[in-house]
2 protein chains.
Amino acid sequence: MDIVDLSTLPEQDTRYDEFLRQVCDKYEMDHAAYAGMNPAAGTIHGHVTYGDDWKAHYQEQGLHLIDPTLHMSQRSIAPVDWSRLERGKDFQRVFRDAHDFGIPDQGITIPVRGPYGDIGLLSAVRECSRDEWKKLVPNVISDLQSLAVHIHDNVMTSDTISRMLYHPTLSSRELEILQWAAAGKSQQDIGDILSISHRTVEVHLRSSREKLNALTTPQAVGRAIGIGLIYPG
Amino acid sequence: MDIVDLSTLPEQDTRYDEFLRQVCDKYEMDHAAYAGMNPAAGTIHGHVTYGDDWKAHYQEQGLHLIDPTLHMSQRSIAPVDWSRLERGKDFQRVFRDAHDFGIPDQGITIPVRGPYGDIGLLSAVRECSRDEWKKLVPNVISDLQSLAVHIHDNVMTSDTISRMLYHPTLSSRELEILQWAAAGKSQQDIGDILSISHRTVEVHLRSSREKLNALTTPQAVGRAIGIGLIYPG
DNA sequence: GAATCTATTGGGGGTTTCCCGTAATATTGG
DNA sequence: CCAATATTACGGGAAACCCCCAATAGATTC
């Protein structure tokens with residue numbers, strides 16, 4: 001999964017970066033970041049107010065693969081305060097590096113999910129005392145929640161992103177066969193059910209995997225269910 | 001997809017209903033409703049401040065199958081103001097019935113999604129002039145957004161729901177391995193990751209299949225995601 | 001009409017999964 | 001405490017799956 005820095009795209013205007021800077025100003029944050037991803041499409045894209053040096057380092061090192069703020073937020077419904085993250089190996093790695101670039105480990109990430117498996121993460125960080133932080137968060141969390149929805153909604157409906165996060169369109173045959181696979185049928189079974197060769201079934205499963213960016217059929221079934229394309233058998 | 005009225009469950013406390021009533025009071029709404037659904041698991045459950053007569057009518061007529069507020073919100077990231085709904089056949093049907101029970105067609109629904117394909121919808125309605133409504137919404141939308149996340153997070157992590165979605169108990173090892181399978185890893189990969197033999201991995205997958213009553217691993221992954229034991233990789 | 005996409009079937013061959021065993025340790029219940 | 005059950009672990013062999021290739025027919029698009 002590669003990172004795409006949207007600010008480097010020629011056709012991309014800078015309103016998102018400005019938007020994030022305004023968020024910082026208004027809510028007394030040092031930095032703000034938005035990351036959008038679609039596991040099914042295998043994409044990550046982001047806007048940040050961090051310096052270019054940190055952005056470069058983050059991408060070069062592939063820190064997005066281990067970043068605990070991303071991992072945790074992807075599995076949460078509610079906002080995640082970074083103080084609640086596990087202080088594991090990955091945490092040490094990412095935040096030690098971040099510290100070198102002057103980025104604090106005090107922050108919050110708000111996850112927003114769309115209907116196609118897309119996830120938007122709005123993060124805000126601030127270097128200050130623990131007490132100060134604990135007073136600040138309750139006052140801004142509600143607004144940040146709304147802003148997170150707003151920015152993710154905008155990003156997902158913009159042409160630039162929808163081209164990148166194209167949600168997979170499986171053919172009716174592919175969906176039909178994937179649905180039978182989710183129902184526990186073997187390729188041979190499905191072939192018998194649909195009166196086609198099990199070879200053909202395998203072809204459709206393969207194209208389904210490719211479209212869903214899945215390595216295996218179990219993963220494809222999981223993705224398809226997560227997106228709502230099929231139902232659990 | 002059947003509806004489950006959580007308030008009728010004996011072991012269910014009434015804090016959600018109280019919560020909704022407080023939302024009404026604080027934000028000057030006539031009624032508030034929360035609906036949680038998991039298309040993957042095929043369940044809908046809800047709390048409402050509407051009268052029992054409307055609840056009964058809604059369930060008897062199966063209005064949830066055509067309710068445009070549900071349909072629209074399921075596909076939206078941002079809150080949906082009911083004034084933006086298409087005035088189609090289904091709309092007429094549902095809101096004509098609702099009107100007979102004293103429920104206005106002026107409202108807003110806020111969708112929240114969790115990592116398992118679960119969707120929470122917080123709706124609030126108020127009978128008032130269009131102008132009044134347009135002034136009210138911007139003032140409360142941010143708070144309602146937060147509340148929607150809060151209530152959905154609570155419902156999804158509550159024991160009540162997990163008891164309703166029949167829950168096989170998979171061992172931590174089985175869940176761990178099933179999660180990796182959902183992430184597209186092969187048995188060999190998983191064995192390497194966990195430093196065990198790929199044979200052992202297969203045994204855990206087999207017992208997972210048995211517990212989930214699944215014939216194949218893709219089906220087991222689908223079931224586990226539908227139940228919320230693991231998340232789509 | 002040509003190009004493109006989808007659905008279909010097939011061969012050959014390597015890889016993975018699955019079912020059959022065995023067995024040590026852990027946990028639970030009488 | 002001991003017995004029953006569950007969990008963890010490993011291996012051989014058969015079955016299923018997955019990937020490479022090619023080929024035909026129908027529908028859609030340009």
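Order of the sequence lines fixes the chain letters, A, B, ..., with proteins taken first and strands second; residue numbering starts at 1 for each chain.
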How many whole angstroms separate atom NE2 of A:H198 from atom C1' of C:dG12? 13 Å
Separation of atom CD in B:Q188 from atom P in C:dT17, rounded to whole Å: 9 Å
Between the side chains of B:E202 and B:R209, is the shortest nitrogen-to-carboxylate-oxygen separation below 4.0 Å, so that they form an ion pair? yes
With heavy-atom distances below 4.5 Å as the criterion, would you say the side chains of A:L205 and A:I177 are in contact? yes
Under a 4.5 Å cut-off applied to non-hydrogen side-chain atoms, are A:L121 and A:Y34 in contact? no
From CZ of B:R206 over to C1' of D:dA15, roughly how many Å is that when rounded to an integer? 14 Å
Please work out if B:T217 contacts a base, only the sugar-phosphate, or nothing of the nucleic acid, heavy-atom cut-off 4.0 Å. sugar-phosphate
Donor-acceptor contact present, side-chain A:D153 to main-chain A:V149, <3.5 Å: no
For atom CG of B:L178 and atom P of D:dT8, their distance in whole Å: 13 Å
Report yes or no: is there a donor-acceptor pair, N or O only, under 3.5 Å between the side chain of B:R199 and the base of C:dG21? no
Residues that B:R113 engages under side chain to side chain donor-acceptor pair (under 3.5 Å), provided they are two or more places apart: none
In whole angstrom, what separates B:H204's NE2 from C:dT25's P? 16 Å
Separation of D:dC10 P from B:L194 CG (nearest whole Å): 11 Å
For A:R173, report the nucleic acid contact type (base, sugar-phosphate, nothing); a contact means any heavy atom under 4.0 Å. sugar-phosphate
Below 30° counts as parallel, above 60° as perpendicular, anything between as tilted: where do the rings of A:F95 and A:F91 land? tilted
Which residues share a side chain to side chain donor-acceptor pair (under 3.5 Å) with A:S197, sequence neighbours left out: none
Enter the inter-axis angle for the ends of the helix from C:dG1-D:dC30 to C:dG30-D:dC1 (five pairs per end, rounded to 10°). 70°
Name the nucleic acid region contacted by B:E202, choosing base, sugar-phosphate or nothing; use a 4.0 angstrom heavy-atom cut-off, strictly under. base
Which is true for A:T200 with a 4.0 Å heavy-atom rule: it touches a base, it touches only sugar-phosphate, or it touches nothing? base
Once you round it to whole Å, what is the distance between C1' of C:dG10 and CD of A:Q187? 15 Å
In whole angstrom, give the distance that lies between atom CD of B:E174 and atom C1' of C:dA26. 14 Å
